[in-house]
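Below is one structure, written out as structure tokens; the observations come after it.
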Amino acid sequence: MYDFKKIEKKWQNYWKEHETFKAITGGDKEKYYILVEFPYPSGAGLHVGHVRSYTALDSVARMKRMKGYNVLFPMGWDAFGAPAEQYAIKNHIHPKEAVKENIKTFKGQIESFGTSFDWSREFSTTDPEYYKWTQWQFLQFYKHGMAYKAKKNINWCPKCKTGLSNEDSSGGVCERCGSKVVQKEKEQWLLRMSDYAEDLINGLEDTKFADRVKLGQINWIGKSRGAEVDFKVDDEALTVYTTRPDTIYGVTFMVIAPEHPIIEKFADKIKNMDEIKEYREFAKTKTEFERTELAKDKTGVKIDGVSAINPVTGKEIPIWISDYVMMNYGTGAIMAVPAHDGRDYDFAKKFGIDIIPVIDGGDVSKEVYTGEGIYINSGILNGMLNKEEACAKMLEYLEEEGLGKAKVNYRLQDWIFSRQRFWGEPIPLVYCEKCGWVPVPDEDLPVLLPDVAEYEPTEDGESPLANIEEWVNTICPCCGGPARRETDTMPNWAGSSWYFLRYMDPKNDKEFVSKEALDYWGKVDWYNGGMEHTARHLLYARFWNQFLYNIGLVPNKEPIDVRVSHGMILGPNGEKMSKSKGNVINPDDIVKEYGADALRTYEMFIGDYEKDAAWSTNGLKGCSKFLDRIWKIQDKLNDKSGYTNETLVHQTIKKVSNDLENMKYNTAVSALMILLNDYEKYDSITKDDLRVLVHLLNPIAPHITEEINEVSSLGDALCESAWPIYDESKTVDSTFEMVIQVNGKVRGKAVMAADATKEQMETIAMDNENVKKFTSGKNIVNVVVIPNKLVNIVVK
RNA sequence: GCCUGAGUGGCGAAAUUGGUAGACGCACAGGACUUAAAAUCCUGCGGGAGUCAUAUCCCGUGCCGGUUCAAGUCCGGCCUUAGGCACCA
């Protein structure tokens, strides 16, 4: 046994003292930027799942350094947000104190894993020196007309008197007090992200994201092609959005969102205004949860006194309001085609509205037919067969008649950028009665959070900052008169939208990052994070960067080249780890009992990196045993040089190098196990044998390998030496086991020289006794010979 | 409902992309060492038939069908399961 506690500490100190992993901006070496998502430093400490992704990318970073790259592998903290704020409220301290504590814990843990982060570039999103630049960049959005204020519905807890994020109000109840959450209209800052919808789709072509990641982005943006069509209501046009203009002859009613402004416009004509107002209230108090989960049953109210004209048929049709139509998508109004849309069908059935089929699908078993077929009851479209052609023809007609136009819609909305919270970056704007909204001048940034330990939510849903008068009241930078600060803060996603840029130049107090650093480090070459962030965080970060690119502040439109996501580490029972289930594995306990190297090796060996994997302490023990055997193999050193099994060594160098580059960490470990198994067969091994083994294992188990390297005097410290190289010609065995098949079934094997000709292979194959049993008396129709592999004899 | 993966021994998983299915590890069983246990080392380990033992044969990668000399891998159709999005018109 070796004393892993002592040697892990020893080498961690060595790396710290030698600044082994410090990245220098500039120089002749080729740069390589590796990034893992920075954690939210919660009170719970790190999860064994963090160890998985940190170790995986650490092994790549360590190998790349040995290969001669200038590697940037930084770490920091994403520390704004609700948990720290709530913890602080409960304990009557400032959130920054809670954050400080948690960062200390987290950093100590990460250091104990031996991850080769460049700590000289560490920062937290909550550092004023950092959020100064987050605020500064927000002002760039503002100054370019990309930030605006608008009324929006937010999730509102009437008891806590605070706005909640969707995550904090899941199930329709407040996470903190359990009250029913309602929708409340509030002025919010928004960023014009929907303007970037098309660029965010197109930009994916300049990335090497996995297809599933790209698809996630594309789905989130939700592009759809269709048409806007005007339906006449008296002299007004009520515009709908539809992706199926070809079904317009089947429209039997219209539905508008409860909040649709046309109701106000026709207030004096609508006879059942009371009923409509009642429904509006009903829709408003319905929670997000009820709208999606419970409200499969359609509800709605027919507007009495106003109706619309189908622009194509000229027929008069009723207008309904219903919450299955959303105000924030399309135009907030739809033309309903109950014969060919499931939701419209449900609604029509419930309220007894006509259903007119316009496409004859020939399938009577389905009540709603959505596929293709012959157009019927459809005027100019009658007899057509193709959906695309029918849509095009109808669109052409609508445009000619001035009734509608082609329109592309996106599900992607503008980014609601306001939070009514204390613990976030203050939005750096000031409101002056005379001058309106005025940006805080650059020289006055950052707008610091006030240094108070007590803050209560306000009565009307404003940020807790609104109660802190001495902070709110300020002077207008424009006219010098009295003014009030914006009291909303930024969302958690803000700080994480550009942190990868700051790592390039983290101490800069003149700019958010220097041009030199941007030009040198360029894109993030390899970005790893959780699946849960591949949609939103990645989209926000790309949007933010594209904007910076468009105003000339960064050199690349796309900030990230490759994005990968790790699978979760589940509890031993195969379920997600959680305190309540009692299946949490604490990495600190494992490091104490088995050492960081064993934990790292096990987590790399556990299975496919991109898939979830259940924790197994027996599996961990197996890897711990492997390291013990590595330690013991030192006893077998002889004083010869060269490789005892040259072919296997070269094969292993190739395998491990490729596997680490391709996230196949589990097979990299198994290749090293195979090499060790081979060494154990010999009476003695050379220093070259041992050195190549510890070198290849070093990225995964860096402490024990450095120690062996030193104790057995194999050469320079591994972290300061070059990665082994292999010779392709030496990876090939001199012989191979030829497989002999008859009709595709293995009937014999023979050892052959690697350079055996096809003829030689065939001759030996035909001569095999067992093979003869299956070929004798049969016609040989074909013989397939694959050099270096097999012979397949086809008989009849 | 839509989109994306995934189904291989008792378990975690491999399989150079069409060429020996189950590498490597865990668990288990037998043996060595030990007074004993732990640790360590050796051997075996998909199922079945067969043999004293070998040899050898049959079946086997969720299910059904297809392409091919050859299919875990490719094609068509199902089933199960995980994740993401969702009255998005």
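Lettering of chains follows the sequences in order, A, B, ..., and the numbering in each one begins at 1.
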With syn defined as a glycosidic torsion within 90 degrees of 0 and anti otherwise, which applies to B:U17?
syn
How should the glycosidic conformation of B:G9 be described, syn or anti, under the criterion that syn lies within 90° of 0?
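Chi for B:G9 falls in the syn range.
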Of all the nucleotides listed ([options]), which has the minimum atom distance to the side chain of [X]?
| X | options | result |
| --- | --- | --- |
| A:W220 | B:U4, B:A23, B:C85 | B:C85 |
| A:V784 | B:G19, B:G25, B:U4 | B:G19 |
| A:K298 | B:C69, B:U4, B:C87 | B:C87 |

Most 5' of A:K655 and A:A535 on RNA chain B, judged by nearest nucleotide
A:K655
Going by purine N1 to pyrimidine N3 plus the second Watson-Crick contact, or the G-U wobble pair, all under 3.5 Å, which nucleotide sits opposite B:G46?
B:C59
[X] and side chain to side chain contact (heavy atoms under 4.5 Å, CB included): which single residue from [options] fits?
| X | options | value |
| --- | --- | --- |
| A:M335 | A:V255, A:L238, A:V251 | A:V251 |
| A:V649 | A:D678, A:L696, A:V692 | A:V692 |
| A:V213 | A:T207, A:L538, A:L204, A:I218 | A:L538 |

Could A:E198 and A:K223 be called an ion pair, given the rule that one side-chain N must be under 4.0 Å from one carboxylate O?
yes
Note: A:D767-A:K772 ion pair, threshold 4.0 Å (strictly below)
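Counted as a salt bridge, because a side-chain N and a carboxylate O are separated by less than 4.0 Å.
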Distance check needed: [N] [atom2] versus [X] [atom1], whole Å only.
| X | N | atom1 | atom2 | result |
| --- | --- | --- | --- | --- |
| A:N618 | B:G10 | CG | C1' | 13 Å |
| A:N219 | B:C2 | CG | C1' | 9 Å |
| A:F351 | B:C87 | CZ | C1' | 14 Å |
| A:F209 | B:U4 | CZ | C1' | 17 Å |
| A:L539 | B:G84 | CG | P | 17 Å |
| A:I221 | B:C3 | CD1 | C1' | 15 Å |
| A:R411 | B:G84 | CZ | C1' | 10 Å |
| A:H566 | B:G83 | NE2 | P | 16 Å |

Looking at [Y], is [X] sitting on its ring face, NZ or CZ under 6.0 Å from the six-membered ring centre and within 45 degrees of the normal?
| X | Y | result |
| --- | --- | --- |
| A:R411 | A:W220 | yes |
| A:K636 | A:Y679 | no |
| A:R563 | A:F209 | no |

Please assess A:N409 against A:S224 for the test side-chain hydrogen bond (donor to acceptor under 3.5 Å, both in side chains), listing each intermediate value before the final yes or no.
CA-CA 5 Å; A:N409 249 319; A:S224 78; 5.5 Å; no
Rounded to whole angstrom, note down the C1' distance from B:C33 over to B:A39.
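Their C1' atoms lie roughly 11 Å apart.
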Would you say that A:F282 contacts A:P258 through its side chain, given a criterion of any heavy-atom pair below 4.5 Å between the two side chains?
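No; the side chains remain at least 4.5 Å from each other.
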Using a 4.0 Å heavy-atom cut-off across all strands, classify [X] as base, sugar-phosphate, or nothing.
| X | answer |
| --- | --- |
| A:E610 | nothing |
| A:T242 | sugar-phosphate |
| A:G622 | sugar-phosphate |
| A:N677 | sugar-phosphate |
| A:K664 | sugar-phosphate |
| A:E737 | base |
| A:L790 | base |
| A:R212 | sugar-phosphate |
| A:N666 | sugar-phosphate |

Close approaches to RNA chain B from residues 600-608 of chain A, in residue order (heavy atom, under 4.0 Å)
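The answer is A:F605, A:I606, A:D608.
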What are the atom names and distances for every N/O pair under 3.5 Å that joins the protein to nucleotides 56-61 of chain B?
unit_1: B:C57; atom_1: OP1; unit_2: A:R747; atom_2: NH1; d: 3.3
unit_1: B:C57; atom_1: OP1; unit_2: A:N770; atom_2: ND2; d: 3.0
unit_1: B:C58; atom_1: OP1; unit_2: A:R747; atom_2: NH2; d: 3.1
unit_1: B:C58; atom_1: OP2; unit_2: A:R747; atom_2: NH1; d: 3.2
unit_1: B:C59; atom_1: OP2; unit_2: A:K745; atom_2: NZ; d: 3.0

Which atom pairs link the protein and nucleotides 37-43 of chain B when you take only N or O atoms and keep those under 3.5 Å?
none

Assign the ring pair A:F4 / A:Y2 to parallel, tilted or perpendicular, where the plane angle (0 to 90°) is split at 30° and 60°.
perpendicular
Taking it one step at a time, do A:M193 and A:L200 satisfy side-chain contact (heavy atoms from CB on, under 4.5 Å)?
CA-CA 9 Å; A:M193 189 160 168; A:L200 288 169; 4.3 Å; yes
Is it the case that the base of B:C26 and the side chain of A:K621 share a donor-acceptor contact (distance under 3.5 Å, atom types as modelled)?
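Flag unset: no donor-acceptor pair detected.
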Set out, in order, the CA-CA distance, both residues' side-chain angles and the distance that settles side-chain hydrogen bond (donor to acceptor under 3.5 Å, both in side chains) for A:N677 and A:R629, then state yes or no.
CA-CA 9 Å; A:N677 289 346; A:R629 283 163 52 208; 2.5 Å; yes
Would you please confirm or rule out a distance under 4.0 Å between OP1 or OP2 of B:A89 and any side-chain N or O of A:Y329?
yes
Value rounded to 0.5 Å, distance of SG in A:C623 from CZ in A:R600:
13.0 Å
